[in-house]
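All figures in this text were calculated on a predicted structure; none of them were measured in a lab.
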Amino acid sequence: MNIRFFYLEGKYFKAFVGLTIFSVLYILPIILANFYYIDDLGRSLRGYTGWNSNGRPLLSLLAIVFSDGKPLMDISPWIQVVAGSIFNYSLVVYIRKYVDRASAFCIFYIAVFAYLNLFLLENFSYKYDSLGMFLSISLYFILFALPHSMNKKIVLIASVFAVILSSSLYQAAIGTYISLALLEVLWNLYEQKDGNIISKEILIRVAGLLGGSLIYKLTVVKIYVKDGYSLEHAGMINIFSNEGIEKFVHNIHEFAFMFQSYGMTIGVLGILLLLILCVGLAYIAYVIWNRRDERKLLRIVSVGFVFVVPILLVIASVIALLLLESPVIAPRVMLSFTVFTLFIGFVLYRLSEIKKGFLAIAILSMICILSFSSYYGNLLTSQEKTNHLVASYIVHDMNELEGKYGRDFDKVAFIGSSPHSHELSLAIKKRPLFSRLIPIYMNNDWYWGGQYLSHYRRKSVDLKKDNDDIQYINSIAPDQKNEFYQIYVRDDKVIIAFRP
């Protein structure tokens, strides 16, 4: 393979520059919000890595290099911009393989549809994790951008290494590999590739996935993942047992609700794009039917595959998560859904080849994507103001109670949840995905509530919630109260009971 494969020249470089400008505009509201997102709370306080035990040692290495050692530095926002730039590069390289006759603008707007995956807003919000997350998915896009003419043994080796490296950065991206393999089959059918060639490529991709996953499990997982949180979330269900089937069905429901939140949030634009997707699938199926000279039965199978590709892409984006005993149910694990939204961009491009008016839909989508990211950034800002206000009240009251009782309190129990900002309460009525994207830290026994409050105290705060705390507070009068909560002292801790 010529090293020039990795160069972006002419219209591809122009598309990359345009996409980078777009991504900066997309990330800017998140940067301006300057919100410590979940794990950022602990890393900003103590500067630890902590990814090795999660099976992500390559991310630990990258973070140490970028921070010039330990403790880790908060090097946002530039690290998020770098993450976006790497992601943009991989998208353009991938798109180049399948639309070599497209203009710079067409390449640009196809790539923009990757950002229609609104779940990515969470990934970009992490000050420390974002680079690893986007590098993990970018590796797969570059892998599947390798030319068809490349030696198949090299492709197999590259596939194995890509799976190992990507999983060592962020395991949830594995669905991207499966999704891109499905699209590879579709584009091979569209480009009239021989059936034997398609079958060989499928076998290579399956072997690469299985080989890379096996090596990763026998090396990285065995060495680094020992117990605790990571082991809990890495366990596989036994699909052949009744309990395993019940768990599998439960996982399907959980991720179905996630997709439902996405669909309700994207609203009318989503309906419009789904209609266009159906038209585009019919067009692609028509082209494949007429181009391929195989037996009628094989052409029927090929056309049928075209129509189920969107469903398969959605399934592929979460299938690895559905098989876990205790999967993380959060927007950040939905990285692989990017392939589905990118596919919409491809379909729109194919339609625009026969009717330029479809470009208007692409422009409308770009506007909406930037609107969603701006709204998200503003919601982060408003919620942080509310979080800051409530935390300041709590610390003030804790200081007064320490003076009153003559001892320090470094243990806290939260009952209920800290309030939503008015803006967030309004947002989630019509756009429920934002309730998943905007974290409320001081929320019952969620670990990060203690970490958040620690940012406002000279000493760290530990969460200590007992089963009978509710019974206890119902039996006595509060020591302090305000519009947000009532506060109680119990032995060596304070209990904050938030008002409904």
Side-chain angles (χ1 to χ4, degrees), residues 5-6 8 16 19-20 23-24 26-27 30-31 37-40 43 49-52 54-68 72-95 111 114-115 117 119-146 158-180 208-209 212-213 215-216 219-221 224 317 320 328 330-339 341-342:
F5 165 81
F6 296 101
L8 293 177
F16 170 72
L19 189 60
T20 299
S23 69
V24 169
Y26 178 90
I27 300 169
I30 299 173
I31 292 172
Y37 205 90
I38 308 181
D39 299 69
D40 293 342
R43 291 192 171 92
T49 55
W51 293 295
N52 284 359
N54 293 338
R56 302 162 67 191
L58 190 53
L59 179 53
S60 293
L61 178 61
L62 280 176
I64 291 170
V65 170
F66 275 80
S67 291
D68 192 27
L72 297 185
M73 296 189 291
D74 176 0
I75 53 177
S76 63
W78 89 271
I79 201 68
Q80 289 143 302
V81 175
V82 169
S85 298
I86 293 172
F87 183 48
N88 296 336
Y89 169 80
S90 70
L91 288 171
V92 174
V93 170
Y94 175 74
I95 293 168
Y115 288 88
N117 178 7
F119 298 119
L120 295 182
L121 290 169
E122 174 167 339
N123 302 97
F124 274 116
S125 298
Y126 286 98
K127 296 173 180 285
Y128 296 87
D129 290 72
S130 57
L131 178 60
M133 290 175 171
F134 283 98
L135 190 53
S136 69
I137 190 175
S138 298
L139 284 170
Y140 290 135
F141 278 114
I142 294 172
L143 169 69
F144 280 85
L146 295 176
S159 298
V160 170
F161 272 97
V163 171
I164 297 170
L165 293 176
S166 178
S167 299
S168 298
L169 289 164
Y170 193 55
Q171 301 93 328
I174 192 65
T176 307
Y177 183 105
I178 304 172
S179 298
L180 291 175
L209 176 62
S213 299
I215 294 172
Y216 171 76
T219 55
V220 177
V221 174
Y224 292 105
S317 68
V328 173
R332 64 181 176 273
V333 302
M334 304 297 290
L335 270 173
S336 302
F337 186 63
T338 302
V339 181
T341 59
L342 183 66

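Summarising the geometry, atom CG belonging to Asn117 is positioned 7.5 Å from atom CG belonging to Leu335; distances are rounded to the nearest 0.5 Å. Interatomic distance, Leu131 CG to Leu135 CG, rounded to the nearest 0.5 Å: 6.0 Å. Residue Ile174 holds its CD1 atom at 5.0 Å from CG of Leu209, rounded to the nearest 0.5 Å. One distance of note links CZ of Arg43 with OH of Tyr126; it measures 9.5 Å at 0.5 Å rounding. Distance check: Ser76 OG to Ile31 CD1 gives 8.0 Å after rounding to the nearest 0.5 Å.
Looking at Leu91 and Phe16, their side chains never come closer than 4.5 Å, going by heavy atoms from C-beta outward. No side-chain heavy atom of Tyr89 sits less than 4.5 Å from a side-chain heavy atom of Leu19. Looking at heavy atoms from C-beta onward, Leu180 lies in side-chain contact with Phe141 at the 4.5 angstrom threshold. A heavy-atom distance below 4.5 Å is not found between the side chains of Val339 and Ile178. A 4.5 Å side-chain heavy-atom check between Thr49 and Ile64 finds at least one atom pair inside the cut-off. The side-chain heavy atoms of Leu342 and Ile95, taken from C-beta on, include a pair separated by under 4.5 Å.
With hydrogens and angles ignored, the 3.5 Å screen pairs no side-chain donor or acceptor of Asn123 with any backbone N or O of Ser130. The backbone N or O of Leu120 lies less than 3.5 Å from no partner atom in the side chain of Tyr115, so there is not a single donor-acceptor pair. Checked by atom type and distance alone, the side chain of Ser67 pairs as donor or acceptor with a backbone atom of Met73 at under 3.5 Å. Looking at Glu122, its side chain never comes within 3.5 Å of a backbone N or O of Tyr37 through a donor-acceptor pair. With hydrogens and angles disregarded, a donor-acceptor distance shorter than 3.5 Å links the side chain of Tyr216 to the backbone of Gly55.
Under the rule for a ring pair (Phe, Tyr, Trp, His ring centres under 6.0 Å), the partners of Phe134 that lie at least two apart in sequence or sit in another chain are Phe87, Phe124. In this view, Asn52 and Pro57, Ser60, Tyr224 satisfy the side chain to side chain contact (heavy atoms under 4.5 Å, CB included) rule, not counting sequence neighbours. Every residue meeting the salt bridge (charged side-chain N to carboxylate O under 4.0 Å, His left out) condition with Arg56, not counting sequence neighbours, appears here in chain and number order: Asp129.
Between Val163 and Ser213, the closest heavy-atom pair is CG1-N, 3.6 Å. Smallest separation of non-hydrogen atoms from Gly132 and Leu169: O-CB, 3.6 Å. The nearest pair of heavy atoms linking Phe119 to Pro331 is CB-O, 3.4 Å. Scanning all heavy atoms of the two residues, the minimum distance from Ile27 to Val81 falls at CD1-CA, 4.5 Å.
Separation of the Trp51 and Tyr128 ring centroids does not fall under the 6.0 Å cut-off.
With Tyr140 as the fixed residue, the side-chain contact (heavy atoms from CB on, under 4.5 Å) test singles out one of Ser90, Ser166, Ser336, Ser179: Ser166.
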